[in-house]
Enquirer: 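Okay, handing you the structure first.
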Amino acid sequence: MKIKFGGKEVTLVGSQVKVGDVAPEFKAIKTDLSEFDSKETKGKIVIYSVAPSIDTSVCSIQAQTFNERATELSDDVVIYTVTVDLPFAQERFCAAKGIDNADIISDYRYKEFGEKYGFLIEELALLARGVIIVDKDGKVAYTEYVEEATNEVNFDAAIEAAQKLA
C-alpha cells in the first residue's frame with residue numbers, strides 16, 4: 001500500500017489488517033526496556049495509537065489526546081502508543097507531557113507491529129500514522145491508516161468505536 005509522508009509517496013511493508021481479522025500477536029519494548037507481548041492484552045479492548053515519532057508535533061498531539069481521552073473509556077480499555085522511538089526518548093516524553101493514562105511501546109527492535117499490521121514505512125523505517133482497535137476476543141474491530149502521515153487521526157471515531165465495544 002502507498003501513503004504519503006510530507007507529500008511524498010512511500011511504501012508500507014506488510015499487509016494492512018482489516019476489521020474482523022484476528023489481531024496478529026507481536027512483541028515490542030516497554031520504556032523500562034522489558035519486553036511487551038501483545039498476549040498480555042487478552043480479554044481487554046486495546047487501542048493501538050500508531051505514530052512515526054513522538055518528537056514531532058502531530059505525534060505529540062496524538063499521544064497526549066489519547067491520554068486525555070482515556071478518561072472517557074471503561075477500565076476494560078487500554079491504550080498503547082506505538083512508535084519506533086527508543087524507549088529512553090519515549091520515557092522522557094511521557095514524563096514531560098504527563099502521559100499516565102496510556103502506555104507507550106517501541107517497535108524499534110523487532111518491527112513486528114509495523115510489519116504484521118502493515119504500518120512500517122519501507123523508505124524511512126518509521127511507522128505510518130493510524131489507529132487499530134482490538135476487541136476482547138482478539139479480533140480487529142477498527143482500523144484507520146492515515147493517507148498522509150503528517151495529518152491527525154480521527155480521534156472521535158476511534159474513541160466512539162472503543163466505547164461501543166466496552
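On a predicted model such as this, the values are computed, not experimentally measured, just so you know.
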Enquirer: Is V50 reachable from L126 through a run of hydrophobic residues whose side-chain heavy atoms are each under 4.5 Å from the next?
Expert: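 Same cluster: L126 reaches V50 through Ile, Leu, Val, Met, Phe, Trp or Tyr contacts under 4.5 Å.
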
Enquirer: Does atom CG (D100) have a neighbourhood of more than 12 heavy atoms from anything else shown, all under 6.0 Å?
Expert: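 Check passes, neighbour count above 12.
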
Enquirer: So that I can tick it off, tell me whether K139 and D21 are bridged by a salt bridge, with the cut-off set at under 4.0 angstrom between side-chain N and carboxylate O.
Expert: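 No salt bridge links D21 with K139.
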
Enquirer: CD1/I104 to CD1/I54 distance, rounded to the nearest 0.5 angstrom?
Expert: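 Going from the CD1 atom of I104 to the CD1 atom of I54 covers 4.5 Å.
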
Enquirer: Is there side-chain contact between K2 and T11, with at least one heavy-atom pair below 4.5 Å?
Expert: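 In contact.
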
Enquirer: What is the distance from atom NZ of K39 to atom CZ of F26, rounded to the nearest 0.5 Å?
Expert: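 Output value for this atom pair is 12.5 Å.
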
Enquirer: Looking at E112, is its backbone amide N or carbonyl O close enough to the side chain of D107 to form a donor-acceptor pair, meaning the two atoms are under 3.5 Å apart?
Expert: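 Pair found, side chain donor or acceptor close to backbone of E112.
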
Enquirer: Does the side chain of V140 come within less than 4.5 Å of I133's, by heavy atoms?
Expert: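 They are not in contact (no side-chain heavy atoms under 4.5 Å apart), so the answer is no.
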
Enquirer: Within a reach of under 6.0 Å around NZ of K111, are more than 12 heavy atoms found that belong to other residues, nucleotides or ligands?
Expert: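 Atom NZ in K111 is packed in, count exceeds 12.
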
Enquirer: As a quick check of understanding, evaluate side-chain contact (heavy atoms from CB on, under 4.5 Å) for I132 and V17, giving each step before the final call.
Expert: CA-CA 9 Å; I132 301 294; V17 294; 3.7 Å; yes

Enquirer: Answer yes or no: are there more than 12 heavy-atom neighbours, outside K27 itself, under 6.0 Å from its atom NZ?
Expert: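 No, not enclosed.
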
Enquirer: List the steps, then state whether side-chain contact (heavy atoms from CB on, under 4.5 Å) holds for Y110 with I29.
Expert: CA-CA 9 Å; Y110 306 119; I29 303 298; 3.9 Å; yes

Enquirer: Can you tell which of D32, D37, T31 makes a side-chain hydrogen bond (donor to acceptor under 3.5 Å, both in side chains) with S34?
Expert: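 Answer after filtering D32, D37, T31: D32.
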
Enquirer: Which atoms form the tightest heavy-atom contact between N154 and Y142, and what is the distance?
Expert: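 Closest pair (atom of N154, atom of Y142, distance): O-OH, 4.0 Å.
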
Enquirer: Does the side chain of P52 come within less than 4.5 Å of L127's, by heavy atoms?
Expert: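 When only atoms from C-beta onward are counted, P52 and L127 do not touch, as no gap falls below 4.5 Å.
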
Enquirer: side-chain contact (heavy atoms from CB on, under 4.5 Å), that's the test. Do V131 and Y145 meet it? Break it down for me.
Expert: CA-CA 7 Å; V131 178; Y145 292 84; over 6 Å; no

Enquirer: Taking the side chain from E148 and the backbone from G6, do they hold a donor-acceptor pair closer than 3.5 Å?
Expert: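 Such a contact is found between E148 side chain and G6 backbone.
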
Enquirer: Provide the closest heavy-atom pair for P24 versus S38 in the form atom of the first, atom of the second, distance.
Expert: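 Residues P24 and S38, closest heavy atoms: O-OG, 4.2 Å.
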
Enquirer: Measuring from D135:CG to K44:NZ, what's the distance to the nearest 0.5 Å?
Expert: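 Atom-to-atom, D135:CG and K44:NZ are 14.0 Å apart.
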
Enquirer: Less than 3.5 Å apart, any donor N or O on the side chain of Q90 or T83 sitting next to an acceptor on the other?
Expert: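 Looking only at side-chain atoms, T83 and Q90 do form a donor-acceptor pair, the distance falling under 3.5 Å.
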
Enquirer: Parallel, tilted or perpendicular, judged at 30° and 60°: which one describes the rings of F113 and F119?
Expert: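 Parallel: the ring planes of F113 and F119 meet at under 30°.
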
Enquirer: With rounding to the nearest 0.5 angstrom, report the CD to CD1 distance, E91 to I99.
Expert: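 That separation rounds to 13.0 Å.
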
Enquirer: Give the minimum heavy-atom separation between A128 and I3, together with the two atoms involved.
Expert: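 Smallest interatomic distance, heavy atoms only, reads CB-CD1, 3.6 Å.
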
Enquirer: Heavy atoms, side chains only, cut-off 4.5 Å: are V58 and N151 in contact?
Expert: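 Not in contact.
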
Enquirer: Between the side chains of K42 and E25, is the shortest nitrogen-to-carboxylate-oxygen separation below 4.0 Å, so that they form an ion pair?
Expert: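 Salt bridge between E25 and K42, a charged N being under 4.0 Å from a carboxylate O: yes.
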
Enquirer: Search all heavy atoms of N101 against all heavy atoms of T71 and return the closest pair with its distance.
Expert: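 That closest heavy-atom pairing would be ND2-CG2, 3.9 Å.
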
Enquirer: Do the side chains of S49 and F155 get nearer than 4.5 Å, heavy atoms only?
Expert: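 Answer no - side chains too far apart.
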
Enquirer: Please find the pair of heavy atoms, one from Y117 and one from A23, that lie closest to each other, and give the distance.
Expert: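 Heavy atoms only, the tightest pair is OH-CB, 3.4 Å.
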
Enquirer: Any side-chain heavy atom of L86 within less than 4.5 Å of one from Y108?
Expert: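 L86 reaches Y108 side chain to side chain.
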
Enquirer: Which heavy atom of A149 sits nearest a heavy atom of R129, and at what distance?
Expert: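 That closest heavy-atom pairing would be O-NE, 2.8 Å.
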
Enquirer: Would you indicate whether E40, at its atom CD, is surrounded by more than 12 heavy atoms from other residues, nucleotides or ligands within a distance under 6.0 Å?
Expert: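 Counting other residues, nucleotides and ligands, CD of E40 exceeds 12 neighbours.
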
Enquirer: Establish whether V84 and F36 are linked, either directly or via other cluster members, by ILVMFWY side-chain heavy-atom contacts under 4.5 Å.
Expert: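 Yes.
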
Enquirer: With a 4.0 Å cut-off, would you call R69 and D156 a salt bridge?
Expert: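 So R69 pairs with D156 through a salt bridge.
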
Enquirer: Kindly indicate whether the side chain of K97, heavy atoms from C-beta on, has any atom under 4.5 Å from the side chain of S60.
Expert: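 Yes, close enough: below the 4.5 Å cut-off.
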
Enquirer: Would E152 and I61 count as a side-chain contact (heavy atoms from CB on, under 4.5 Å) if you check the C-alpha gap in whole Å, the side-chain angles of each, and the deciding distance to 0.1 Å?
Expert: CA-CA 8 Å; E152 291 183 2; I61 289 167; 3.6 Å; yes

Enquirer: Within the structure provided, determine whether I45 and V78 are in side-chain contact (heavy-atom separation under 4.5 Å).
Expert: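 No, every pair of side-chain atoms sits at 4.5 Å or beyond.
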
